[in-house]
Amino acid sequence: MSFSNLKFADADKDFKSAKFIILGAPFDATSSFRAGARLAPNAIREASWNFESYLLEYDIDLADIPVCDAGSLEEHGNPDDFVNAVEEAARKILTQKKFPILIGGEHSLTIGAANAFENITVIILDAHMDFRNEYLGIKNSHACVTRRVSEIVGIENIICLGIRSCSKNEIEDAKAQKLKYYTVSEIKKKGIAEIIKKSKLKDKIYLSIDMDVVDPAFAPGVGNPEPLGLTAQEVLDCIAQVAPNLVGCDIVEVCPPYDNGNTSVLAAKIIRSLIAVVWKNNY
Ligand code: MN
Ligand code: MN
């Protein structure tokens with residue numbers, strides 16, 4: 001891990017005393033359209049200073065919650081090395097019974113994270129199905145995340161929310177393997193909290209937020225923007241619903257070179273809200 005002076009706002013506790021550990025994972029070597037996600041951890045850290053430490057919505061002051069910003073992993077050029085480095089770092093955090101908040105970088109980091117947990121449901125918020133078996137010859141590509149994670153936790157222990165893009169092959173494979181996925185229009189009809197409530201979930205839930213699940217109107221600066229997405233509020237509703245069972249999360253695919261600033265600000269806001277709501281529900 002490398003340390004810089006730039007920390008996520010109000011994440012000033014040391015590793016030992018903290019319950020939440022923020023870790024940056026800068027990597028974008030498998031980007032298929034817009035590169036730049038490796039710059040996201042620090043862009044999101046910078047954006048986090050925009051906010052008051054007190055969160056009106058939850059009547060909680062982040063300064064009162066033990067959060068540590070542990071810095072960022074070193075940059076890797078090879079996706080397999082990157083995934084292994086994420087797994088190793090996540091294991092270290094979990095061994096100490098802490099809650100990892102991983103900031104990508106590309107979505108491939110979720111593969112490493114999933115490897116570090118036992119017996120979990122993984123909820124993936126994503127515009128894309130990411131269900132290719134390989135992409136441009138790379139198995140740990142960000143286009144293959146759901147597929148790889150399904151091999152780790154079991155296809156029945158994944159729920160994909162906000163999907164609105166995939167290839168014909170992906171949908172055929174997803175249906176054959178009974179992947180549980182909900183499109184944006186289904187979510188608009190049923191409500192995201194209601195869908196989660198009715199899903200069969202394990203006691204431990206890991207949440208992966210690919211920022212492109214959010215409509216580009218709210219989150220324009222992502223690697224693969226896909227119109228007609230979820231609102232930012234729906235993402236927060238999802239977090240509130242799973243909070244009592246949440247054991248870790250990631251937020252990935254913010255792409256600062258294509259951002260007007262709003263995407264990093266929203267990512268920072270989502271992280272801050274998640275910390276508050278998980279803390280309130282569990283500690
Ligand atoms: Mn993705
Ligand atoms: Mn995506």
Side-chain angles (χ1 to χ4, degrees), residues 25-38 40-41 44 79 82-83 86 101-115 122-136 138-153 155 158-167 169-171 173-174 179-187 192 206-232 234-235 238 248-259 263-264 266-267 270:
F27 175 77
D28 60 13
T30 77
S31 289
S32 44
F33 184 51
R34 296 167 164 180
R38 71 182 186 286
I44 294 168
F82 171 66
V83 165
V86 172
I101 298 170
L102 308 170
I103 306 179
E106 279 184 17
H107 207 170
S108 32
L109 86 76
T110 310
I111 303 166
N115 263 323
V122 179
I123 295 183
I124 301 174
L125 299 182
D126 201 328
H128 309 94
M129 199 169 264
D130 290 354
F131 206 62
R132 286 178 158 90
N133 188 37
E134 57 170 58
Y135 190 67
L136 306 174
I138 300 169
K139 284 208 143 192
N140 283 328
S141 163
H142 74 151
C144 310
V145 175
T146 306
R147 185 73 164 245
R148 291 291 88 74
V149 172
S150 77
E151 293 160 358
I152 298 164
V153 304
I155 193 101
I158 294 188
I159 300 170
C160 297
L161 298 166
I163 309 291
R164 52 195 185 277
S165 168
C166 66
S167 70
N169 277 339
E170 281 178 285
I171 192 73
D173 285 358
L179 173 70
K180 282 174 272 180
Y181 65 90
Y182 296 86
T183 62
V184 170
S185 38
E186 282 173 284
I187 291 172
I192 198 160
Y206 180 89
L207 179 65
S208 175
I209 304 170
D210 182 327
M211 275 298 279
D212 66 33
V213 78
V214 182
D215 193 277
F218 305 96
V222 293
N224 295 82
E226 187 69 41
L228 303 171
L230 297 184
T231 64
E234 282 166 322
V235 173
C238 169
C249 71
D250 63 56
I251 191 151
V252 298
E253 296 286 343
V254 171
C255 188
Y258 293 86
D259 193 15
T263 316
S264 287
L266 178 59
I270 289 172

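Just so it is clear, the model here is predicted, and its values are computed rather than measured. Read the numbers this way: they start at 1 and go in the same order the structure lists the ligands and their atoms.
- To the nearest 10 degrees, the angle centred on the Mn ion (ligand 2) between OD1 in D212 and ND1 in H128 reads 90°.
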Candidate pair N140 and S108, rule side chain to side chain donor-acceptor pair (under 3.5 Å), full reasoning: CA-CA 6 Å; N140 283 328; S108 32; over 6 Å; no

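- Between the side chain of T30 and the main chain of H142, a donor-acceptor pair closer than 3.5 Å is present.
- At least one N/O/S atom of D126, whether from backbone or side chain, sits less than 2.8 Å from the Mn ion (ligand 2).
- Residue side and main chain included, H107 places no N/O/S atom under 2.8 Å of the Mn ion (ligand 2).
- Residue side and main chain included, E253 places no N/O/S atom under 2.8 Å of the Mn ion (ligand 2).
- Listed for the R34 side chain is no donor-acceptor partner under 3.5 Å among the backbone atoms of C255.
- Residue-level check: among N/O/S atoms of D130, OD2 sits closest to the Mn ion (ligand 1).
- Using modelled atom types, one finds a donor on one side chain and an acceptor on the other under 3.5 Å when comparing H107 with D126.
- With respect to R148, the side-chain hydrogen bond (donor to acceptor under 3.5 Å, both in side chains) criterion is satisfied by exactly one of N133, D130, T110: N133.
- When distances from the Mn ion (ligand 1) to the N, O or S atoms of D210 are compared, OD2 comes out shortest.
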